[in-house]
Amino acid sequence: MDTTLLTTGLNTLWVLLAAILVFFMQTGFALVEAGFTRSKNTTNILFKNVMDFCLGTITFWLLGYGIMFGEGNAFIGNIEWLATTDHGTALGIPNMAFFFFQLVFAATAATIVSGAMAERTKFKSYLMYSAIISMIIYPISGHWIWGGGWLGDMGMHDFAGSTVVHSVGGWLALVGAWVLGPRIGKYRNGKPNAIPGHSLTLGALGVFILWLGWFGFNPGSTLGLGDVDLVAHIFVTTNLAAAAGGIATLAVTWLRYGKPGLSMTLNGVLAGLVAITAGCDTVTPIGALIIGLLAGILVVFSVEFLDRKLKIDDPVGAVSVHGVNGAFGTIMVGLLANGNGVTGLFYGGGSELLVAQLTGVVAVAAWAIGCGLILFFALKYTMGLRVSKKEEENGLDYYEHGEKAYNS
Amino acid sequence: MDTTLLTTGLNTLWVLLAAILVFFMQTGFALVEAGFTRSKNTTNILFKNVMDFCLGTITFWLLGYGIMFGEGNAFIGNIEWLATTDHGTALGIPNMAFFFFQLVFAATAATIVSGAMAERTKFKSYLMYSAIISMIIYPISGHWIWGGGWLGDMGMHDFAGSTVVHSVGGWLALVGAWVLGPRIGKYRNGKPNAIPGHSLTLGALGVFILWLGWFGFNPGSTLGLGDVDLVAHIFVTTNLAAAAGGIATLAVTWLRYGKPGLSMTLNGVLAGLVAITAGCDTVTPIGALIIGLLAGILVVFSVEFLDRKLKIDDPVGAVSVHGVNGAFGTIMVGLLANGNGVTGLFYGGGSELLVAQLTGVVAVAAWAIGCGLILFFALKYTMGLRVSKKEEENGLDYYEHGEKAYNS
Amino acid sequence: MDTTLLTTGLNTLWVLLAAILVFFMQTGFALVEAGFTRSKNTTNILFKNVMDFCLGTITFWLLGYGIMFGEGNAFIGNIEWLATTDHGTALGIPNMAFFFFQLVFAATAATIVSGAMAERTKFKSYLMYSAIISMIIYPISGHWIWGGGWLGDMGMHDFAGSTVVHSVGGWLALVGAWVLGPRIGKYRNGKPNAIPGHSLTLGALGVFILWLGWFGFNPGSTLGLGDVDLVAHIFVTTNLAAAAGGIATLAVTWLRYGKPGLSMTLNGVLAGLVAITAGCDTVTPIGALIIGLLAGILVVFSVEFLDRKLKIDDPVGAVSVHGVNGAFGTIMVGLLANGNGVTGLFYGGGSELLVAQLTGVVAVAAWAIGCGLILFFALKYTMGLRVSKKEEENGLDYYEHGEKAYNS
Amino acid sequence: MIMKKIEAIIRVSQFEEVTEALHDIGIDFFTYWDVTGVGNEKSGAIYRATVYETRLIPRRVISFVCRDKFVDASIEAICKAAKTGEMGDGKIFVSTVDESVRIRTGERGPESLYIKE
Amino acid sequence: MIMKKIEAIIRVSQFEEVTEALHDIGIDFFTYWDVTGVGNEKSGAIYRATVYETRLIPRRVISFVCRDKFVDASIEAICKAAKTGEMGDGKIFVSTVDESVRIRTGERGPESLYIKE
Amino acid sequence: MIMKKIEAIIRVSQFEEVTEALHDIGIDFFTYWDVTGVGNEKSGAIYRATVYETRLIPRRVISFVCRDKFVDASIEAICKAAKTGEMGDGKIFVSTVDESVRIRTGERGPESLYIKE
Ligand SMILES: Nc1ncnc2c1ncn2[C@@H]1O[C@H](COP(=O)(O)OP(=O)(O)O)[C@@H](O)[C@H]1O
Ligand SMILES: Nc1ncnc2c1ncn2[C@@H]1O[C@H](COP(=O)(O)OP(=O)(O)O)[C@@H](O)[C@H]1O
Ligand SMILES: Nc1ncnc2c1ncn2[C@@H]1O[C@H](COP(=O)(O)OP(=O)(O)O)[C@@H](O)[C@H]1O
């Protein structure tokens, strides 16, 4: 091969391998969500995680890709059936490689929602909203930032998707969990009860797999190996933020609850990863450390706030991890960016970037929450969103699928 | 490095990484098989999955590689001890890289059999037949198609091994399960009973890992990155077929049994993956969608047919997933091929290809079934194939290994 | 990109991907250790495995990297805060890529210790010693061999770290387990009792993941793809030794205990992998087979010796797998090396290499054991190393974390 | 005073309500475990291609020993809390206990059942 | 009419046969759970390098309450179905139940045990 | 000879000691299973951001039938071995068994409880 072919080959290889790693995050999500919920709903939650990738594959291929990356206007791309319009070559990789990479990102956004709505959502309605998220909601806000839309034009910097992917999923999860209402038994006399998940082993395994996948998610967003220093830098910032998130949450839970708590610390690692995603290319390692530490602290208080004040029941912490920390991480770019062409306030870059980041965070939150309200209320008053009391008490596996996850 | 070295480097890297992914499929098989069987046999099934890769490694290295890829004649390669004859350089990669890549494929074929024969096969006999499959049976039919043998010469197209790998495993599994007879309690008064597997969590995790591994299995069979468009194309077709398989099975089980069933849908995803394997390089995305959908439907009826009509007890569905859908996918190439140098009937390519495909499917089925009959009957009448009633009832873990998989 | 950029790109890609695979070994260790211990301590062991990577990330970044690779003198590198001194460019990859690759190795050494000390170590003390291992103990002996220190100068050959990584971890584990004393109930009237782990499924899954990770650990240590034959060779030797290790242990347990034992065989696979690590680049495939077979035998007798004679309670076999076989594999290089610039005694290379290997093994063992004694006794007499009898009996999850791993 | 052992086989989903109902009448000590019940109730199940009916339903046994005078109140409380009206609500069995011992103090008889500190 | 509680500790592997045998004599309701039995039977086990004998054998308890007149038939049926002839086949214990209540209907006494719709 | 059933609800952590204590007085046969106990003992727990107290403590039930004359010795042995002195040590309940059958031999009554072979 000549150097042109080699360059394309190398970049495509990197993008496809990164996509494989991001694909594997589906497994991580499935395990975390299964581990953090009760065994009577395990078949159901696994099933939802399998199906959202199946549906996401079809719907993002059908329409989502075009809506996100089609030229269109500042707000929406084009109707381009079956992902046939080429958006890859301009980036130096085949269209199908870019499509596949974007597909696994889209599926990540959709899968975030299932955790927050676990243990009480109708299977049928789940399939419905999951398809709509991958096909329409995610691609439109994605277009704003990555597809040539208005937020990208404004200079908003979201390198690998703290906002594009995680916040969108997180805010939809928030609305979904709120519209559904808490699980039976979650609140007694207005006080939150603990409903422990059935396996922290699955939870920890899932988090390790997600951490692994993030080494595709963040550095893979370079879409090539032209700048190896950048790629290696992203590995380091991503990893530091994750580690710092874990350590910070460990410390907070230890001080605050008297004992170091694994379930929360697992969320802390994820919080660090989500928060670094927007700025992994531009912040310094020390910046990454700071972002990770703050994310690890933030996630604890966010979970508490949702649980105790808002009384929104999010069994796996999806809102705090993806919504809150996605927003947080995006904003931090406005302060701590220092490289890869962007500079934040603290490094003398002025407030313009910060304003763009804030605008993006607010706009995407508004979009996701607005869409969520319409979507979930529409489902609630048509096919119904929540299973009956009896089904919930006896477990969704039993009534919705006739199949228990565990047998002798 | 100069461009020659770079080219070899890039292609070798791709092949080795793909091989790693295919290696990981061993884990997927182990988990699916463990999850779909009872906990009293978990040590046994895990052990078999560990050992078949160990034995496959040694036997394919000893002889299998030469039998498959040695020049030989149209029916069999050569006796080439220890994989020392170079078959890689001609393909642009080191011999050891090509060997390792082929080794993990061989091990896949062997491991398929263990699922269908689970919960009642003697450990000793298992080791025996597993070694023979990797050393002799698989390499010979593999030689016909990939090693310069008569089916390849006829123009049969099996890009990544729907027939070479999956069907061979599936038909051997069929014979094995039939010779063994059903598990105690599987049929009562001639009617099939459900014997639920002990963990759908393991089953789902295994399927996710297999899906992951398929991104090495199919696109890795390009053996290089010279044509990145082809590689990216294969990612997309592979993934579409898997998703379509899952969706089709979901729909069929829902309509047919009244409830959406996860255990069957997991088989549906695998069915889609197996079926697309032969033609992943040549069918269009829409072709892949069609193949996946049909595979997802086919697998349900195939499982029913085996279970109810043939009364062959295949605890994990290996025959339907790998045997039937491997054959199905291979045949579909004759109809839907449209690229990478082959054209199917529907795209005006004439019936020649279809005939080659059918010939290949039938020949390999005959070979595998014939070898299976000889092998399993030989074992049955020498060292014995099935454990005693008492061992089966109390679990193989207890009697064969003295080691339970689960303790407090 | 021109060929220079392409070369760096390709090599960096390989190193980073290998690092990802090694990172995933953390998951493997977590699962093996969880599987081989009781369910009342599962939260604790998972937590330790999560935290040692978090802490290792920070401490190796802070100081460890500089201590290991800083020029310094023959015994120790430099204090180089935050891994900012470039040790990568000279190797043809970015400093951050080399740092990340070395970081995941350092974390491996630390995580080995937790298995041997499982089910009875205080969480707080664990965090302490884990941080010290990654920050100081591992980097110093690592410097001797890989960082330009005296053992490397002597000609000691430890390609991917049988001694540098595994032995260090193994000997520290030995001292830790000895200082701690056996678990309550492990010995009754001086005879060892079996305390079966709670899930062989987790154990087997962990071993498969470790095996996978080793395809990054060993071939990744080439740090580039300039010599693809070497890389492919390492895949083959690594895999052969693992398979041979499994087969040898299977045979030994079958002959010695009357039944083939999975728990021990899983250790046998790991023993093969650890033993081949030092010489994976230089031994022939047959050499790898021999090393694997001997390792698989050695591990059984080593476990017996520790258990019955030394009465040191190592719940997962970390000492025998990593310590003993790390040393064994390093020594075997002195005999069987035959390529990549080194030649062992059996291939006419004289005894010089063997002497260097033995010196390295002894020196590193002395270092690790010495440090271990100081470290663990210091902890014992300050913050305490072992939990109270009551905590141990009721499980560490309950008292140390207030969080059970498994719920309904 | 006579001591009675009450064993109630209930739906797992009614456990919380039964616990509260017992608490309300002063029964704060009991032991429970999960069992499988075979009775009138059937449930449809599917596994792979097999649709079947199973009579094996998950249930929970609540077991406690109390003084005679608590028996009627207990039965009433459990009945109310555990009832859904559909087949499969379960059973309560009462039998006689000869002796009871509190391990911690060695107290015997009904005394060992009181709440003490 | 007197009610008796029958508790049979059997091998897990004989469960299906016992279920059928009970069904044949009209006992269709029972509760079961898995236990560990310590008795005469021993089994060889290995874990890592330790070969040991364990007397802890998995067993299943089948428990049901029936009218007096069913007791002998039940014992006979269970004995036949649960017997393998090797050590460790298990035990059957019979005791007296004072009261039985069907939660769904509030019926008491033997009546609560009949099959009704 | 009268047969008695002894059911001891103990801490899981005392199981080994109780087994040995029973062995010492000649009780070598029993059945056990794990249960959850609700009693005086409380334990602090955390799950994600919720700190709570749970009264659901893991316990083990040891159950065996023996001849009358073993009852006192058994109670004493269990009490000694299962006692830690802290709240939550558990209870022992004794009740009467009408009949016992050894499935393997069909032997009935106290005879079925002897160690034979
Ligand atoms: N005679 C019995 N002995 C022991 N357990 C019983 C008996 N009858 C019923 N049960 C238990 O009670 C549960 C509910 O009984 P079932 O007959 O299904 O409903 P209902 O009592 O409402 O008619 C059964 O699943 C079984 O566990
Ligand atoms: N006295 C007893 N009390 C409670 N359970 C018992 C008693 N004796 C035996 N068992 C249970 O019955 C099972 C079988 O008894 P075992 O003595 O091994 O065989 P066999 O009854 O055939 O002599 C034991 O594992 C134990 O669970
Ligand atoms: N009346 C009872 N009936 C059944 N089980 C009981 C009863 N009282 C106590 N238990 C069991 O004994 C365990 C210990 O009792 P608890 O009251 O906590 O401690 P203590 O007996 O030391 O005061 C409880 O967890 C419960 O399982």
Side-chain angles (χ1 to χ4, degrees), chain A residues 1-3 5-6 8-13 15-17 19-20 23-24 26-27 30-31 34-35 39 42-44 46-47 49-51 53-58 61 82-84 88 93-100 103 123-124 127 199 202 205 397 399-408, chain B residues 3-4 6-7 10-11 13-14 17 21 38-40 195-201 203-205 207-209 211-212 215-216 219 224-237 239-240 242-247 250 257-266 268-269 272 285-286 289:
Chain A
M1 297 189 234
D2 61 22
T3 52
L5 272 180
L6 280 167
T8 320
L10 186 64
N11 290 341
T12 304
L13 178 59
V15 170
L16 289 173
L17 292 173
I20 291 178
F23 164 78
F24 201 36
Q26 292 290 323
T27 314
L31 295 177
S39 61
T42 303
T43 299
N44 182 265
L46 292 169
F47 211 165
N49 274 279
V50 171
M51 290 319 300
F53 191 71
C54 289
L55 289 172
T57 291
I58 305 295
W61 174 62
L82 308 186
T84 41
I93 53 175
N95 184 45
M96 282 297 98
F98 187 60
F99 162 69
F100 185 68
L103 161 64
F123 190 66
K124 222 186 322 186
L127 298 182
S199 171
L202 295 179
L205 175 55
D397 292 359
Y399 279 98
E400 290 231 298
H401 310 291
E403 213 172 26
K404 285 187 295 172
Y406 300 104
N407 299 285
S408 69
Chain B
T3 51
T4 315
L6 280 166
T7 304
L10 186 64
N11 290 342
L13 178 60
W14 173 225
L17 292 173
L21 288 167
R38 287 164 292 177
S39 60
K40 64 181 177 185
I195 303 183
H198 87 283
S199 171
L200 282 183
T201 306
L205 175 55
V207 168
F208 271 120
I209 290 177
W211 196 334
L212 178 82
F215 293 127
L225 284 162
D227 184 350
V228 284
D229 287 301
L230 177 62
V231 174
H233 176 85
I234 296 174
F235 269 83
V236 171
T237 51
N239 192 54
L240 271 173
I247 291 172
L250 172 82
Y257 310 134
K259 287 175 181 176
L262 177 58
S263 54
M264 201 69 231
T265 301
L266 292 174
V269 169
I286 291 179
L289 187 81

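Everything quoted here is computed from the prediction, not taken from an experiment. So that the names make sense, note that chain A is the first sequence line, chain B the second, and so on, each numbered from 1.
- With a 4.5 angstrom heavy-atom cutoff, A:Thr43 touches chain B via backbone and side-chain atoms both.
- Only the backbone of A:Lys404 comes within less than 4.5 Å of a heavy atom of chain B; no side-chain atom from C-beta onward does.
- Atom CG of B:Leu289 is separated from atom CG of A:Leu82 by 9.0 Å, given to the nearest 0.5 angstrom.
- Residue B:Asp227 does not touch chain A at all, counting heavy-atom pairs closer than 4.5 Å.
- Proximity to chain B involves both the backbone and the side chain of A:Leu55, based on heavy atoms less than 4.5 angstrom apart.
- Put simply, CG on B:Asn239 and CZ on A:Phe100 are 4.5 Å apart, with the number rounded to the nearest 0.5 Å.
- With values rounded to the nearest 0.5 angstrom, A:Asn407 atom CG is found 11.5 Å from B:Ile195 atom CD1.
- Only the side chain of A:Phe99 comes within contact range of chain B, with heavy atoms under 4.5 Å apart.
- Proximity to chain B is limited to the side chain of A:Thr12, based on heavy atoms less than 4.5 angstrom apart.
- Heavy-atom pairs under 4.5 Å with chain A were tallied for B:Ala243, B:Pro260, B:Gly246, B:Pro219; the largest tally goes to B:Pro260.
- Atom OG1 of A:Thr3 is separated from atom CG of B:Leu6 by 9.5 Å, given to the nearest 0.5 angstrom.
- Heavy-atom distances place both the backbone and the side chain of A:Ile20 under 4.5 Å from chain B.
- Heavy atoms of A:Met51 lying under 4.5 Å from chain B belong exclusively to its side chain.
- Annotation: ring pair (Phe, Tyr, Trp, His ring centres under 6.0 Å) contacts of A:Phe23 (sequence neighbours excluded): A:Phe53, B:Trp211, B:Phe215.
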Please output the side-chain donor-acceptor pairs of residues 229-237 of chain B that fall under 3.5 Å, not counting sequence neighbours, one pair per line with the distance.
from, atom 1, to, atom 2, distance (Å)
B:His233, NE2, B:Val283, O, 2.8
B:Thr237, OG1, B:His233, O, 3.3
B:Thr237, OG1, B:Ile234, O, 3.2
B:Thr237, OG1, B:Cys280, O, 2.8

